[in-house]
Number of protein chains: 2
Amino acid sequence: MKNPIADLNKIFDSRIRLGVMSILVVNNEIGFNDLKQMLELTDGNLASHLNTLEQADFIKVHKGFIGRKTSTTYSITALGKQAFKSHLDALEKMIRKL
Amino acid sequence: MKNPIADLNKIFDSRIRLGVMSILVVNNEIGFNDLKQMLELTDGNLASHLNTLEQADFIKVHKGFIGRKTSTTYSITALGKQAFKSHLDALEKMIRKL
DNA sequence: CTATTTAACTTTGAAAAACAAAGCACTTTT
DNA sequence: AAAAGTGCTTTGTTTTTCAAAGTTAAATAG
């Protein structure tokens, strides 16, 4: 039998990063605070997971302004969309036997 | 919006434990070495993850003999089956938006 | 105009988890 | 008798997770 977990992406082992991605798939742009509230996280925790996703080029940050106040939003990249889809495919393959 | 990751089971954040469970769902009894080879793990690593699953009452250990040689096998419990299913449901709910 | 609050982090540090390697008791194979 | 396999446990390192506090800059309240 083939190793069933080999195709899972390590980055998505984390429930939080999984949650961020699943939110970003349906919201093409979302703010830091919205994510924080949806996932019920502290600033630092969310920021570090977002950082991991950004390092991997799975999400992109947009720093803009609302008036003169900064506003940071995040969106998924093409690579991120693909990697997330691959991960879900691997998951599905793993459990299709059910 | 509701927290999309709240219903995920922390025990299944681990790819390895996820793999063990997915194997046990289709094999009602499997040996330590088989698992080790399927998942490509070291003894210690596998043993500790199995231990976590056992503590949670998600798997059961059977210590027996083949002739006079010890043989340890593992199987999924009813609770484990249920918890795994719930986790998969939560995952599916999370990504159904796709 | 001063004080507090909010946004979005970064830094720090502690706790937990993952993991490999080695050791071990016992047995079978060579 | 020596080597190898089974199924662990122990040890110790590395990695990951996370909360808390600090930070900068702007907004708002008093």
Side-chain angles (χ1 to χ4, degrees), chain A residues 3-6 8-24 27 29-56 58-75 83 87, chain B residues 3-6 8-24 27 29-56 58-76 87:
Chain A
N3 181 344
I5 66 180
L8 295 176
N9 192 324
K10 264 202 179 112
I11 288 188
F12 301 133
D13 277 8
S14 153
R15 71 213 283 92
I16 293 176
R17 292 192 294 266
L18 211 55
V20 169
M21 293 301 279
S22 83
I23 289 170
L24 284 183
N27 300 274
E29 200 152 358
I30 197 159
F32 185 88
N33 250 319
D34 294 334
L35 281 174
K36 186 179 130 189
Q37 277 158 24
M38 281 182 197
L39 300 173
E40 298 172 47
L41 301 171
T42 55
D43 290 8
N45 197 3
L46 175 56
S48 68
H49 284 292
L50 289 175
N51 207 47
T52 300
L53 289 171
E54 205 193 339
Q55 295 302 88
F58 288 175
I59 67 173
K60 233 175 53 173
V61 188
H62 313 273
K63 296 198 180 269
F65 292 89
I66 296 178
R68 280 175 63 209
K69 191 178 177 185
T70 59
S71 140
T72 311
T73 59
Y74 300 85
S75 63
H87 181 80
Chain B
N3 182 344
I5 65 180
L8 295 176
N9 192 324
K10 263 203 180 113
I11 288 188
F12 301 133
D13 275 9
S14 153
R15 70 213 284 95
I16 292 176
R17 293 192 295 264
L18 212 54
V20 168
M21 294 301 280
S22 83
I23 288 170
L24 284 182
N27 301 274
E29 201 153 357
I30 197 158
F32 184 88
N33 252 316
D34 294 333
L35 280 174
K36 186 179 132 189
Q37 276 157 26
M38 281 181 196
L39 300 172
E40 298 171 48
L41 301 171
T42 55
D43 289 9
N45 196 3
L46 175 57
S48 70
H49 283 291
L50 289 175
N51 208 47
T52 300
L53 289 171
E54 204 193 339
Q55 295 302 88
F58 288 175
I59 66 172
K60 234 176 51 174
V61 188
H62 313 272
K63 295 198 181 269
F65 291 90
I66 295 179
R68 281 175 61 209
K69 192 178 177 183
T70 59
S71 141
T72 311
T73 59
Y74 300 86
S75 63
I76 198 168
H87 181 79

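Only this structure's heavy atoms are used, side chains among them; waters, hydrogens and symmetry mates stay out. Residue numbering restarts at 1 for every chain, and letters A, B, ... go by the order of the sequence lines.
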Which listed nucleotide ([options]) is nearest to the side chain of [X]?
{"X": "B:N45", "options": "D:dC8, C:dA18, C:dC9", "value": "C:dA18"}
{"X": "A:D43", "options": "D:dC8, C:dC9, D:dC18", "value": "C:dC9"}
{"X": "A:A47", "options": "C:dC9, C:dA18, C:dA20", "value": "C:dC9"}

Scan [X] against the nucleic acid and name what it touches under 4.0 Å (heavy atoms): base, sugar-phosphate only, or nothing.
{"X": "A:R17", "result": "sugar-phosphate"}
{"X": "B:K63", "result": "sugar-phosphate"}
{"X": "A:I16", "result": "sugar-phosphate"}
{"X": "A:T72", "result": "sugar-phosphate"}
{"X": "B:N33", "result": "sugar-phosphate"}
{"X": "B:S71", "result": "sugar-phosphate"}

Minimum side-chain heavy-atom gap [X]-[Y] below 4.5 Å:
{"X": "A:N27", "Y": "A:D34", "value": "no"}
{"X": "B:F32", "Y": "B:D43", "value": "yes"}
{"X": "A:V20", "Y": "A:H49", "value": "no"}
{"X": "B:M21", "Y": "B:I59", "value": "yes"}

[N] [atom2] sits how many Å from [X] [atom1], rounded?
{"X": "B:K10", "N": "C:dA17", "atom1": "NZ", "atom2": "C1'", "answer": "13 Å"}
{"X": "A:L46", "N": "C:dA7", "atom1": "CG", "atom2": "P", "answer": "13 Å"}
{"X": "B:R15", "N": "C:dC19", "atom1": "CZ", "atom2": "P", "answer": "8 Å"}
{"X": "B:I59", "N": "D:dG7", "atom1": "CD1", "atom2": "P", "answer": "13 Å"}
{"X": "A:L39", "N": "D:dC18", "atom1": "CG", "atom2": "C1'", "answer": "14 Å"}
{"X": "A:L50", "N": "D:dC18", "atom1": "CG", "atom2": "P", "answer": "13 Å"}
{"X": "B:N51", "N": "D:dT10", "atom1": "CG", "atom2": "C1'", "answer": "13 Å"}

May I ask you to verify if any side-chain N or O of B:H49 is less than 4.0 angstrom from the OP1 or OP2 atom of C:dA17? no
Parallel, tilted or perpendicular: which fits the ring planes of A:F12 and A:H87, with parallel below 30° and perpendicular above 60°? perpendicular
